[in-house]
Colleague: 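For reference, the structure I am asking about is given below.
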Amino acid sequence: MAQKITPRATDYSQWYIDIVINAKLADYAPVKGCMVVRPRGYALWERIQQGLDGLFKATGHVNAYFPLLIPESFIKKEAEHVEGFAPELAVVTHAGGEKLEEPLVIRPTSETIIWSMYKKWIQSYRDLPILINQWCNIIRWEKRTRLFLRTTEFLWQEGHTAHATSAEAEEETLRMLGVYRTFAEEYMAVPVLHGVKTDSEKFAGAVRTYCIEAMMQDRKSLQAGTSHYLGQNFAKAFDVTFQTKDKTLDHVWATSWGASTRLIGAIIMAHSDDKGLVLPPRLAPIEVVIVPIFKNETKDAVVAFARKLRDTLAADFRVLLDEDDQNTPGWKFSEYELQGIPVRLEVGPRDMEKGQVVAVRRDTGEKAFIPVSEAGATLRALMQAIQTSLYQRALKFRTDNTFRARDYAELGKFLDDPGGFVEAGWCGDAACEARVKEETKATIRLLPLDKKETGGVPCVVCGKSARDIAVFGRAY
RNA sequence: CGGGCUGUAGCGCAGUUGGUAGCGCGUUCGGUUCGGGACCGAAAGGCCGGCGGUUCAAACCCGCCCAGCCCGACCA
């Protein structure tokens, strides 16, 4: 078979690539570091978009669109911002056959162009808050790329909000972090830690960066969403002020938050197995595939039966009926397992006689015979069970691979064997953080938001009293 | 951007001391099949990643470039 998935145990990286390519989620593009999102990958992205967009709208946000091209001078206005992004910028220097007066940066993120506009739109506290999100593509020139996880161009959403007070902006930052957390856990079935980044890991231009982090099956961490409290940094850089209720002038307070097609990588690496993709029902573009099983003489009857079943289910489920008579049922079973469709229904002559169908779960392989009359209700329950089970399994995996290190030697030991998240005391000094990174390749993924008491433990590196319990891990 | 591996039919690979390329799967056509990746027969499919060099002659030797993967440095 041409379609062969390298087992996870043999080569995890190759397994991931094999899934993406063989499940036809994406393919390599002619330009280095770029990928084509194929229809099956894009359908998944559309499900993600719908889910997130619904949550954004429910929290009062609206969508808009800002340009791809940003004057180079804009990027340079916020000192930290330019320093952070300079190495990964793609810049247009020529257009219309002429050299441009001012080079145009292809957006790596849109804070600058958006805040240049907010300056025009905001005069009074009455203009606030502004709660805008945009869905778009961005370009960051990456040295080392991986399908969905890190590509030169990628799709994402970026929310940019403007507020009258610091407290309001802080509240918004945390609200959106909560939205990401809800989405990851309830839609993607991926449990996440939520917390704040250390200064060395925070967004260039932010006061504070919050994030959600998920553990993949190789025990590495994947940052799945970020929410930034920007303070007045961009308002000051773009001179965006407003008149307050008590007639004073103040700079506007800001947030920004984003999640990208990387979420697809998270879903793949959290749930899939050596047979292929495993998708959470809530986000699966197709929830149920019906595979009719027939011989020439039984084909008409079985297909008619299957079509009726499909038409019944179509009202409540995203369902596909595969009537193809060239591939064998066995071939189809493998193919749809590779594609990650949560439930397969097999219907053959024997089932038809008994008025039943065979339901097979993608996640466990478990088979059940269910009466056709109860198919809808049973499927509904099955989807819920799969969704819950995927989450619980991922949560157990994370719990089983989260450790508490008492000293530096233990930190290194846990990171190497078996790997995973390691909680340890941290004094807050960047030097201690840097030493861990240098010597173990692990970073502080976050400082948990639901703060754990340090209990008087020392910093795992220097031994001074710890300010926080930090979560260390190797990351994508 | 450094170190390593790889690049030959759509995919996976073979190709001897340099002599203009082969296997499996897939594809197309015909037929038989069909409850876990079916079988028989026939056929199509190649600028050997690209450019340059050595040679009477290069998939093979040399140089440069490009791409992919892995390991580092940098990042969603």
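Quick note on labels: first sequence line is chain A, next is B, and so on, each numbered from 1.
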Colleague: Rounded to the nearest angstrom, tell me the gap between atom CD1 in I5(A) and atom P in C11(B).
Modeller: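 So the two atoms are 16 Å apart, to the nearest Å.
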Colleague: Side chains of S110(A) and H160(A): does their closest heavy-atom pair fall under 4.5 Å?
Modeller: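 The answer is yes; the side chains approach within 4.5 Å.
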Colleague: Distance to the ring centre below 6.0 angstrom and angle to the axis at most 45 degrees; does that hold for R435(A) and Y408(A)?
Modeller: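 Checked: cation-pi criterion met.
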Colleague: Hey, is the side chain of N296(A) pairing donor to acceptor with the base of C34(B) inside 3.5 Å?
Modeller: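 Such a pair exists between side chain and base.
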Colleague: A76(B) P sits how many Å from N137(A) CG, rounded?
Modeller: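 So the two atoms are 18 Å apart, to the nearest Å.
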Colleague: Rounding to a whole Å, what distance do you find between R144(A):CZ and G4(B):P?
Modeller: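 Rounded to the whole Å, the gap is 16 Å.
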Colleague: Within this structure, what is the NZ-to-C1' distance between K295(A) and C39(B), rounded to whole angstrom?
Modeller: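 After rounding, the gap between these two atoms is 15 Å.
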Colleague: Looking across every strand, which nucleic acid part, if any, lies under 4.0 Å from V358(A) by heavy atom: base, sugar-phosphate, or nothing?
Modeller: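 The answer is base, as V358(A) lies within the cut-off (heavy atoms under 4.0 Å) of a base atom.
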Colleague: Would you kindly give the CH2-to-P distance between W141(A) and C74(B), to the nearest whole Å?
Modeller: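 Atom CH2 in W141(A) sits about 21 Å away from atom P in C74(B).
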Colleague: Whether K77(A) and E111(A) form a salt bridge (side-chain N of Lys/Arg under 4.0 Å from carboxylate O of Asp/Glu) is what I want to check.
Modeller: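 Judged by the 4.0 Å cut-off on N to carboxylate O distance, E111(A) and K77(A) do not form a salt bridge.
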Colleague: Please determine whether any donor N or O and acceptor N or O are separated by less than 3.5 Å between the side chain of E337(A) and the base of G36(B).
Modeller: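 Side chain to base: pair present.
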Colleague: Mind checking T443(A) for me? I need base, sugar-phosphate or nothing, with any heavy atom below 4.0 Å counting as a touch.
Modeller: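 Contact class for T443(A): none.
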Colleague: Ignoring backbone atoms, test whether R344(A) places a side-chain nitrogen or oxygen under 4.0 Å from the OP1 or OP2 oxygen of G36(B).
Modeller: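 For G36(B), OP1/OP2 do not have a side-chain N/O of R344(A) under 4.0 Å.
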Colleague: Work out how far the C1' atom of C60(B) is from that of U54(B), and round it to whole angstrom.
Modeller: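 The answer is 13 Å between these two C1' atoms.
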Colleague: Give me the distance, rounded to whole Å, that separates G7(B) from G15(B) when you measure between the C1' atoms they each carry.
Modeller: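 Taking atom C1' in both G7(B) and G15(B), they lie 15 Å apart.
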Colleague: Round to a whole Å and report the spacing from CG of D18(A) to C1' of G68(B).
Modeller: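 Distance, rounded to whole Å: 13 Å.
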Colleague: Measuring only the P atom in each nucleotide, how far is G19(B) from C48(B)? A whole number of Å is fine.
Modeller: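 Comparing P positions in G19(B) and C48(B) gives a spacing of 15 Å.
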Colleague: Taking 4.0 angstrom as the limit, do E346(A) and R344(A) come out as a salt bridge?
Modeller: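 A salt bridge links E346(A) with R344(A).
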Colleague: Can you check the distance between C65(B) and C25(B), where both ends of the measurement are the P atom (answer in whole Å)?
Modeller: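 Looking at atom P only, C65(B) and C25(B) are 40 Å apart.
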Colleague: Have a look at E201(A) and say if it touches a base, only the backbone sugar-phosphate, or nothing, with a 4.0 Å heavy-atom cut-off.
Modeller: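 Since no nucleic acid heavy atom lies under 4.0 Å of E201(A), the category is nothing.
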Colleague: Which comes earlier along RNA chain B counting from the 5' end, the contact point of K367(A) or that of I17(A), where each point is its nearest nucleotide?
Modeller: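 So the residue in question is K367(A).
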Colleague: How close or far is atom C1' of G36(B) from atom NZ of K275(A), stated in whole angstroms?
Modeller: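 The answer, rounded to whole Å, is 9 Å.
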Colleague: State which of G35(B), G36(B), C1(B) makes the closest approach to the side chain of K143(A).
Modeller: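 So the nucleotide nearest the side chain must be C1(B).
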Colleague: Using the P atom on both, measure U32(B) against C47(B) and round to a whole Å.
Modeller: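 Between the two P atoms, the distance is 37 Å.
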Colleague: A58(B) and G18(B): how far apart are their P atoms, nearest whole angstrom?
Modeller: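 It comes out at 13 Å once rounded to the nearest Å.
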Colleague: Is R318(A) reaching over with its side chain to a backbone N or O of A284(A), donor-acceptor style, under 3.5 angstrom?
Modeller: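 Yes, the answer is positive, given that a donor and an acceptor are paired below the 3.5 Å cut-off.
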Colleague: Choose from C74(B), A76(B), G35(B) the nucleotide whose nearest atom is closest to any side-chain atom of E346(A).
Modeller: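 For E346(A), the side-chain atoms sit closest to G35(B).
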Colleague: OP1 or OP2 of G68(B) less than 4.0 angstrom from a side-chain nitrogen or oxygen of K32(A), does that happen here?
Modeller: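 True: K32(A) side-chain N/O within range (under 4.0 Å) of G68(B) OP1/OP2.
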Colleague: So, does the side chain of N327(A) form a donor-acceptor pair with the base of G37(B) at under 3.5 Å?
Modeller: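 In this structure, the two groups form no donor-acceptor pair.
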Colleague: Going by the angle between their ring planes, with limits at 30° and 60°, are W257(A) and F56(A) parallel, tilted or perpendicular?
Modeller: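 Because their plane-to-plane angle lies in the 30° to 60° range, the rings of W257(A) and F56(A) count as tilted.
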Colleague: So, is Y16(A) near the phosphate of C69(B), with a side-chain N or O under 4.0 Å from OP1 or OP2?
Modeller: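 Answer is no, no contact under 4.0 Å.
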Colleague: Expressed in angstrom and rounded to an integer, what is the separation of L89(A) atom CG from A76(B) atom P?
Modeller: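 So the CG-P distance, L89(A) to A76(B), works out to 13 Å.
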